[in-house]
Amino acid sequence: MAKIFQVSARAGMTRVVEPIARALLRAGVTPNAVTVAGTVGVLVGALGFGARGHLVAGALIVTLFALTDLLDGTMARMSGGSTRFGAFLDSSMDRVADSAVFGAVAYWLATQGNYSGVAAALVCLAAGSLVSYVKARAEGLGMTCNVGIAERTERLLIVGVGGILTGVGVDPALEIALWLLAAVSIFTVGQRMTHVYRQAQQLQPEGQA
């Protein structure tokens with residue numbers, strides 16, 4: 001099934017960031033430095049703005065710095081490919097950033113007395129972590145897991161749009177976005193587990209249960 005944020009759109013974004021990537025590499029900036037800087041930016045947007053109720057500013061800052069996922073990946077490719085530590089750092093920083101985003105959203109919703117929204121944010125946090133874990137575990141076992149309608153980019157876009165709409169006065173938008181995101185994240189977990197199960201069955205030696 002196609003991802004929400006289509007491959008063609010990702011390719012278009014990559015072409016936009018390539019000149020920036022080249023300039024940073026010429027300046028001696030490493031992909032790992034960009035990864036860390038992007039995470040710090042997301043933390044500032046989420047905790048410094050979103051958690052205090054500045055939803056539009058927070059969402060825009062988080063979206064801007066989340067795009068460093070494309071930038072550091074492009075830089076790594078241009079410089080000869082990602083290192084093992086670079087891949088590890090990128091995945092780890094993604095989990096830190098995601099925790100900050102959904103933690104900040106849950107905190108702000110709690111201050112507004114919106115406990116249904118808090119529950120949705122916590123489901124998104126747990127399901128989003130599971131989406132990533134299932135893929136990492138499958139790849140660690142020698143299988144592939146590049147399926148699912150909602151990867152990290154899609155998840156951040158959905159919560160970002162909800163935050164911006166709520167920030168400009170469409171009050172229920174963030175909660176609706178969170179429940180939508182919770183649903184597609186859980187569905188993505190199911191997609192990935194089914195995909196891995198089918199691979200495991202094909203790889204299983206004949207005669208074994």
Side-chain angles (χ1 to χ4, degrees), residues 1-15 17-18 21 31-32 34-35 38-39 42 63 66-103 119-161 177-209:
M1 184 179 293
K3 296 176 178 63
I4 297 172
F5 190 38
Q6 298 293 334
V7 172
S8 57
R10 293 175 187 269
M13 286 299 299
T14 299
R15 286 193 293 271
V17 303
E18 280 182 351
N32 289 349
V34 172
T35 297
T39 301
V42 170
T63 299
L67 291 176
T68 56
D69 256 1
L70 288 174
L71 181 58
D72 59 13
T74 302
M75 291 173 66
R77 176 174 54 80
M78 289 179 170
S79 59
S82 175
T83 64
R84 292 191 178 189
F85 178 74
F88 167 80
L89 179 67
D90 185 63
S91 180
S92 299
M93 291 297 99
D94 283 351
R95 302 293 77 74
V96 171
D98 290 354
S99 297
V101 169
F102 290 102
L122 295 178
V123 171
C124 288
L125 177 57
S129 296
L130 190 54
V131 166
S132 300
Y133 173 79
V134 169
K135 180 177 181 178
R137 183 59 176 151
E139 292 176 344
L141 293 170
M143 293 178 280
T144 62
C145 197
N146 296 314
V147 299
I149 61 172
E151 294 189 347
R152 184 170 185 261
T153 301
E154 286 82 4
R155 297 197 299 272
L156 291 178
L157 282 174
I158 291 171
V159 72
V161 170
L178 287 170
W179 281 117
L180 172 63
L181 178 55
V184 297
S185 296
I186 292 170
F187 184 75
T188 299
V189 171
Q191 282 184 297
R192 291 190 166 182
M193 293 187 74
T194 300
H195 181 72
V196 172
Y197 173 77
R198 289 171 178 165
Q199 286 182 81
Q201 291 297 105
Q202 292 173 356
L203 295 171
Q204 184 173 280
E206 289 187 17
Q208 289 191 9

Quiz item: Under 6.0 Å from the CE atom of M193, do we count more than 12 heavy atoms belonging to anything else shown?
Solution: no

Quiz item: Where is the tightest heavy-atom contact between T74 and A21, given as atom of each residue plus distance?
Solution: CG2-CB, 3.9 Å

Self-check item: Considering all heavy atoms, the nearest V131-S185 contact
Solution: CG2-O, 3.6 Å

Quiz item: Closest approach of G38 and T68, non-hydrogen atoms and distance?
Solution: CA-OG1, 3.4 Å

Exercise. Any chance you could measure L181, atom CG, to L157, atom CG, to the nearest 0.5 Å?
Key: 10.5 Å

Quiz item: Should E154 and T188 count as side-chain neighbours, where that means a heavy-atom distance under 4.5 Å?
Solution: no

Quiz item: In a check of side chain to side chain contact (heavy atoms under 4.5 Å, CB included) between D90 and each of N32, T35, V34, which one passes?
Solution: T35

Exercise. Report yes if some heavy atom in the side chain of V101 is under 4.5 Å from a heavy atom in the side chain of V159; otherwise report no.
Key: yes

Quiz prompt | Which atom of C145 lies closest to which atom of R192, heavy atoms considered | solution = SG-CB, 3.4 Å

Quiz item: Any side-chain heavy-atom pair from H195 and K135 closer than 4.5 angstrom?
Solution: no

Quiz prompt | Spacing of D72 atom CG and M93 atom CE [to the nearest 0.5 Å] | solution = 11.5 Å

Quiz item: Does the side chain of V42 reach to within under 4.5 Å of the side chain of L156, using non-hydrogen atoms?
Solution: no

Practice problem: Answer yes or no: is there a donor N or O on one side and an acceptor on the other, between the side chain of S79 and the main chain of A76, under 3.5 Å? | Solution: yes

Quiz item: Is the shortest heavy-atom distance from the side chain of T194 to the side chain of Q191 under 4.5 Å?
Solution: no

Self-check item: Heavy-atom closest pair, residues R155 and S132
Solution: NH2-OG, 3.8 Å

Quiz item: Any side-chain heavy atom of R137 sitting closer than 4.5 Å to one from V196?
Solution: no

Quiz item: Is R77 close to E18 at the side-chain level, that is, under 4.5 Å between some pair of heavy atoms?
Solution: yes

Exercise. Please round to the nearest 0.5 Å and tell me the distance separating atom CG of D94 and atom CG of L89.
Key: 9.5 Å

Self-check item: Nearest heavy-atom neighbours spanning A182 and A120
Solution: CB-O, 4.5 Å

Quiz item: So, do E139 and N146 sit near enough that their side-chain heavy atoms are less than 4.5 Å apart?
Solution: yes

